[in-house]
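Here the structure comes first, spelled out in structure tokens, and everything after it is commentary.
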Amino acid sequence: MKQYRGALLDSELNNAIMEKMDELLAQLNPEQQKAVKITRGPILILAGAGSGKTRVITFRIAYLIRSKHVDPKNILAITFTNKAAGEMQSRIQNLLGSNHDVWIRTFHSTCAKILRGGAERIGIKRNFVIYDEYDQISVVKECLSDLEIDTKAFSPAYVAAVIDNVKENLAPASAIEDDTLRHIYNLYSKKLSEYNALDFDDLIMKVVELFKTDRDILEYYQNKFKYILVDEYQDTNRAQYVLTKMLAERHRNLCVVGDDDQSIYSWRGAEIKNILDFEADFPDTTVIKLQQNYRSTRRILKAASAVVSNNEYRKSKTLWCDNETGEKIVFFDADDSYTEAAYVARKIMELRLKDVSLGDIAVFYRVNYQSRLFEECFITYRIPYEVVGSLRFYERAEIKNVLAYLRVINNPDDAVSLKRIINIPSRKIGHETIEKITAYCEKEGMSIYEALHEIESIKRINTGTRKRIRDFTKMMDRHIKSQQQVDIYELAMQVVKDSGYLSSLSEDRTERDYIRRKNVEELLISMKDYVRERPDATLNDYLEEVSLRSDIDDWNESTERVNLMTLHNAKGLEFDVVFITGFEDGLIPHYKSQKDPKQYEEERRLLYVGITRARKQLYMTYARQRDMFRAGPSYTDLSPFYDEIPRDVMCAGYSFD
DNA sequence: CAGGAGGGGCTTTTT
DNA sequence: GCCCCTCCTG
């Protein structure tokens, strides 16, 4: 009887869900419906800007679960940022009205999670640390100095780029033709494994390695992920492509979504050919093109299409729309960058009087340092603003210092972090001492942290220094022990107090130190929140999350503030009013991208991305003079892309005085 | 041997 | 403008 009632309720519930699903599907155009309903086999969804992509993806996942009764555990959805993942997570939750176990993650966090489970299989310890680009540069510098290579001949940044390139393409070290670079690469790899650290690209590469080494693990994930969806497919690199292919091989229910016109990460190894060649890779692919734009006015769309149509290397498609004609694009030709900023500020004041919400306005620029002028100007005009990016919170020195302490506690082999904090605050343990310890490590084949415990056996260190090292080591050992007993917030609190770091920041009276202290406090508060939200999380979990967090993730959309960000950060977002600033030759396109035609086309796509973010009104500004930091003001030329925008959708902005 | 002071260098975009 | 490296001082 009971069972019968249950079944009845279930079927009622099901009917309600099916009705709701039908209702949802009715909101979609025929192409979008196809994109939701074709669930089997490989599918390529070419989703033009503003074509309702996010909606299609979320409906698709809801449809799989509700209408096709797919277990949420069997779905993997890959997004470009954690923020996009979080948004998708909550949208699906809203659609389904309950929690679900769909894996919605970035490539990097997916891989980190897989490695936490099976890394030991390929000789990586479970508590590995993830190195960001600055940590990576530190290791490269160590390598260069160990090998006595002049940093002028091989700049650390260049070497890091070579290393990334090799890994992004899953190439073996032997593929590096230059002997010196190959040696550096090998030493770099050796150091990372000694430090029990992985860099960003390792996360992907090591998972591929793991899958090749252990068929059982691969099969486990192949069976787990019966349905795979990859968003922003145009921005995947070779390693990510191989990984995706491995995972999808068994069930072949792979849906990739992207827009070749919005591929803007080739410099990070992204291969636009992954999306262009998808049909060749999977011959039975269903191709769906979403070409109706629901976002922008006709004029904005016309400008965007005209610009991008100058690219050779693309799948041909035409975006169209039913939307309003809209206002003309306003182009403002400023005498210099200060006038440009003032123009933007005064326009924003004007918009504000017309009841445009500040949160619906965005200012885009090509490079982060352009934000400074706008910030200064907005402060004088009392315009609330928020900078997304630039000085990233987790990359600030004081934040990295605190995290470095925690990283060492979590993984004492992490030499980069250990060297970072051993003399912060000053304990009078300097370079010379570190050098001696490192030499000892080499000889004895141990980690620095181990060597610190044998400090008495290391020669030529004076007694005072020895004592200070003993004190430091004892303190760290204490924290390593107490790690299990207290939560992350408590631990961090103890560490910043015990190490003297917090008081070292409090002693100084400069404005900067005050800001630093505030930042550390902010970090501690965020840890408290983290502990409250995820009481079971380990220190390792926390550090991983922080390493993979980008700052667009923390950005809060609904605030009443003007949004300032780079064109790259603007991807995936939309605003009523958009300002594209610095519309100059050398910035858009960036001067470093002018020689290579492929890169030049990418700059055009970047502009395309910027233009298509605007719903109602677009402003573009150009400064005839711009301060190139030290060299004083220099004269600029208008962007060559200016001529690609049809004259009839544009008009000149006026100056205010 | 640590750490401050001063000079040279360079800055695209970021998971 | 700022950061990093090097050299010199204490």
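Numbers restart at 1 for each chain; the letters A, B, ... are given by sequence-line order, proteins then strands. In this text, all values refer to a predicted model and were calculated from it rather than measured experimentally.
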Should A/Asn368 be listed as having a side-chain N or O under 4.0 Å from OP1 or OP2 of B/dT13? yes

Can you sort out which residues in residues 420-433 of chain A have a heavy atom within less than 4.0 Å of DNA chain B? Ascending by number, please. A/Asn423, A/Ser426, A/Lys428, A/Ile429, A/Gly430, A/His431, A/Glu432, A/Thr433

On a plain distance test, is the side chain of A/Trp267 in donor-acceptor contact with the base of B/dT13 below 3.5 Å? yes

Using the test ring pair (Phe, Tyr, Trp, His ring centres under 6.0 Å), find all partners of A/Tyr338 that sit at least two apart in sequence or belong to another chain. none

Between C/dC5, B/dC1, B/dT15, spot the one nearest the side chain of A/Lys141, thanks. C/dC5

For A/Asn237 and A/Glu271, does a side-chain donor sit closer than 3.5 Å to a side-chain acceptor? no

Under 3.5 Å, is there a donor on one side chain and an acceptor on the other for A/Arg116 and A/Asn540? yes

I need the NZ-P distance between A/Lys598 and B/dT12, as an integer number of Å. 22 Å

Would you check if the distance from the ring center of A/Phe278 to the ring center of A/Tyr233 is below 6.0 Å? yes

Take atom NZ of A/Lys592 and atom P of B/dT13, then tell me their distance rounded to the nearest Å. 10 Å

What's the closest nucleotide to the side chain of A/His568 if the choices are C/dG1, B/dT15, B/dT13? B/dT13

How about A/Phe80 and A/Tyr265: are their ring centres within less than 6.0 Å of each other? yes

Side chains of A/Glu232 and A/Gln234: donor-acceptor distance under 3.5 Å anywhere? yes

With a non-hydrogen cut-off below 4.0 angstrom, is A/Phe107 in contact with a base, only sugar-phosphate, or nothing? nothing

Has A/His590 got its ring stacked on B/dT12, by the test of a centre gap below 5.5 Å and a plane angle below 30°? yes

Length of the CZ-C1' vector between A/Phe364 and B/dT12, whole Å: 17 Å

Spacing of the P atoms in B/dT13 and C/dC4 (rounded, Å): 15 Å

Distance check needed: B/dT15 C1' versus A/Tyr233 OH, whole Å only. 17 Å

Distance check: side-chain N/O of A/Thr566 vs OP1/OP2 of B/dT14, anything under 4.0 Å? yes

Measuring from the side chain of A/Thr81 (C-beta onward, heavy atoms only), which nucleotide among B/dT15, C/dG1, B/dT12 has the closest atom? B/dT15

Is the closest basic N to carboxylate O distance between A/Glu544 and A/Lys113 below 4.0 Å? no

Using the closest heavy atom to pick a nucleotide of DNA chain B for each, name whichever of A/Asp164 or A/Ser593 lands nearer the 5' end. A/Ser593

